[in-house]
**Student:** 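Have a look at this one.
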Amino acid sequence: MNWLTGIWNWVDQRLPVQRAWDTHMGKYYAPKNFNFWYFFGVLSIVVLVIQLLSGIWLLMSYEGTSEGAFASVEYIMRDVDYGWIIRYIHSTGASAFFIVVYLHMFRGLIYGSYQAPRELVWIFGMAIYLALMAEAFLGYVLPWGQMSYWGAQVIISLFGAIPYVGEDIVQWVRGDYLISGITLNRFMSLHVVALPIVLLALVVLHILALHEVGSNNPDGVEIKKNKDENGIPRDGIPFHPYYTVHDLVPIVVFLMVFCFIIFFMPEMGGYFLEKANFEIANSLKTPPHIAPVWYFTPFYSMLRAVPDKFLGFLTMAAAIAILFVLPWLDRSPVKSIRYKGVFSRVSLVLFVASFIILGILGIKAPTPGRTALAQICTLIYFGFFIGMWFWTKHEKVLPQPSRVTTDGGMGTLKAFGVLGIVILLVFLPLKAVGSESDHECGTIECDHMEVDLENKESLQNGAKLFVNYCMGCHSAQYSRWGRVAQDLEIPPALVVENLIFANQKIGSLMKISMPEDAAKTWFGVTPPDLTLVARARSPEWVYTYLRTFYADPHRPLGVNNKVFPDVGMPHALLDLQGLAVCAPGGSAHGDIDPLTGQAIHDDPCGSLKVQKSGLLNAEQFDEAVYDLVNFLGYMANPVADKSKKIGIYVLLFLAFLFIWVWLLNREYWKDIH
């Protein structure tokens, strides 16, 4: 022990570790009345660490070229041991980062954490937010999927609206005349090296500035103004061990939610991992609707709400810039929303509702109604900040206490009441402008089907159908024969003998023997790879698509499709199903009269009738299509079943850990009042 103490003293004399610990942890006194909203500061640090560590591991297997980027991501997902977990951690962490940062910023708004003497703390926080947006945008491009490419195309092109120098800036950012491998490579360098350094530096400055002036609290009372005879704030407690222990509880709860998403719903309905990003970037194929990832959509809505491109760009930039001057817009004599006037409270609720509406509208395709609503919400957004300069000076406020209170503010019931009002303010305007989306399968509802990865018989039959009916034209070049054999419990010898092409081995990727240049010559375009089609579209879409081919003599191949009108693909399963023809009935939009149960608009091709029978009857054909799509669903996400099984054990461990951290927190805080 003397030896260790000697080393510690030697280091501390040359590097003030103990002084730094005391300044920022052991002897840093924080208000004792922190509530729920103060959890998100520490959670943002937790997510930052998660992103840095998972990003380093991903970079080890990532290839930053336009030719190999997409394939390297799939290699991580399929061939790197537990690489799929690392990728899901990073993709989920990106959205989680913005969720906790937005809530952290909201806490600053409601409790006035930007007011004197914390103006610099707020400015550093806004700089972190700006750097985080840049970091997220650069990282969003790296998977090199369709939405990565076209999202970058839209965002970068915005700089072209700047008069005189806009096009030069666009070319400078891209590093080329078009978005290319050069763009991808420089974005990777900025994402993994430059911006993380800036982000870490800003976080350190943010914390240093905070600890210099002290933390705010829900009452907005300065605890440094009331100290005891030893110079210790009467309403403060040491950050360590009290808040280091206290924060373990929300950290574990956060990890439970975080891991639930990772293992059970990593795509989060297409908001965390967009469906279009499961297709490789194609500069010749524009997605039907281009939108940035959800955490950028409020500002994207503002951009689209302004008819002029340059003014829209200025509006979007001003929406972020105005946050930096917030400390000088609020002239209220009190900090916390608890003691501000009615106008401040109402305006804050309207601001939150309008921001959420803008975020939702940014995901949707624009319509006149949606554009009008976005314009109104943009005015509310700017009106909140500009109007603050006037009403905070003149509104009547409640007296602020001289000491912190621990009564919990408005209470749980009123808090949920306010939440309900916000939900109504969001739901009703969106409902009025028709925010609902079209049917996923075009003009008709998708037929229901669920992927069942435990049904090995179905998967094996699907693999046979895929090789026999799909792989004549389509490859599955991100999946390997050996992995399929192992997961589907097919003996490798049978796979080699019956499924694999003659020039391939059991460890090969599932490429077709047809050369790409020959396929392009024969078909006019290389048939798309089908490894990820069930994620790029959805299993229901593929299932409905394969079942709705019908005869159409006006098409070059003699067939058309209800889900994909004017499709250029032949009916690959024609000999199994037979040739279907249009029959009147149904509805072009799937609209059914609730009183009569009849289609509102009669569709001349509302139903299909098999005119010439194939090898299978209708029931057998549906079962065959199910098996084929079930196999495609497996190939798109072969770890889905394994992920859920691992997730159960992870959540059970975290639930067990939660009990102990909760008991530990209760023990430390039992004498704190």
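Throughout, residue positions are numbered sequentially from 1 according to the sequence presented.
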**Student:** Using the ring centroid of each side chain, check whether F351 and Y381 are separated by less than 6.0 Å.
**Tutor:** yes

**Student:** Can you find a side-chain donor-acceptor pair between Y38 and N217 that sits under 3.5 Å?
**Tutor:**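 Note: Y38 and N217 side chains miss the donor-acceptor criterion.
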
**Student:** Would you mind listing every salt bridge (charged side-chain N to carboxylate O under 4.0 Å, His left out) that reaches into residues 96-122, with sequence neighbours excluded?
**Tutor:**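 Only R118-E222 qualify under salt bridge (charged side-chain N to carboxylate O under 4.0 Å, His left out).
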
**Student:** Is the F137-F187 ring centre distance short of 6.0 angstrom?
**Tutor:**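 Between F137 and F187, the centre distance is under 6.0 Å.
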
**Student:** Which pairs with one or both residues in residues 2-17 pass side-chain hydrogen bond (donor to acceptor under 3.5 Å, both in side chains), sequence neighbours excluded?
**Tutor:** none

**Student:** When you measure from the side chain of R370 to the backbone N and O of L430, does any donor-acceptor pair fall under 3.5 Å?
**Tutor:**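 No, R370 side chain to L430 backbone: no donor-acceptor pair under 3.5 Å.
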
**Student:** Return yes if a side-chain donor-acceptor contact under 3.5 Å exists between Y339 and S332, otherwise no.
**Tutor:** no

**Student:** Just by distance, no angles: are the side chains of N277 and S148 close enough, under 3.5 Å, to form a donor-acceptor pair?
**Tutor:**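 Yes, because at least one side-chain N or O of N277 sits under 3.5 Å from a partner of the opposite role on S148.
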
**Student:** Centroid separation under 6.0 Å, is that true for the rings of Y243 and W669?
**Tutor:**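 They qualify: ring centres under 6.0 Å apart.
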
**Student:** Over all heavy atoms of both residues, which pair between Y271 and V293 is shortest? Give the atoms and the distance, please.
**Tutor:** O-CG2, 3.7 Å

**Student:** Between the main-chain N or O of G220 and the side-chain N or O of R338, is there a donor-acceptor pair closer than 3.5 Å?
**Tutor:** no

**Student:** Quick check, are the ring centers of W21 and H240 under 6.0 angstrom apart?
**Tutor:**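 They qualify: ring centres under 6.0 Å apart.
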
**Student:** Given the side-chain rings of F159 and F313, with only the six-membered ring counted for Trp, is the space between their centroids under 6.0 Å?
**Tutor:**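 Ring centres of F313 and F159 closer than 6.0 Å.
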
**Student:** For the rings on H246 and F39, is their centre-to-centre separation under 6.0 Å?
**Tutor:**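 Ring-ring flag for H246/F39: true, centres closer than 6.0 Å.
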
**Student:** Would F355 and Y102 count as a close aromatic pair, with their ring centres under 6.0 Å?
**Tutor:** yes

**Student:** Determine the minimum heavy-atom distance between G362 and Y300, stating which atoms define it.
**Tutor:**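 Shortest heavy-atom contact: O-CD2, 3.7 Å.
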
**Student:** Are F264 and F260 an aromatic pair, judged by ring center distance below 6.0 Å?
**Tutor:**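 Yes; F264 has its ring centre under 6.0 Å from that of F260.
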
**Student:** Just checking, any donor-acceptor pair under 3.5 angstrom between side chains of S344 and W391?
**Tutor:**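 On atom types as modelled, these side chains qualify, holding a pair under 3.5 Å.
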
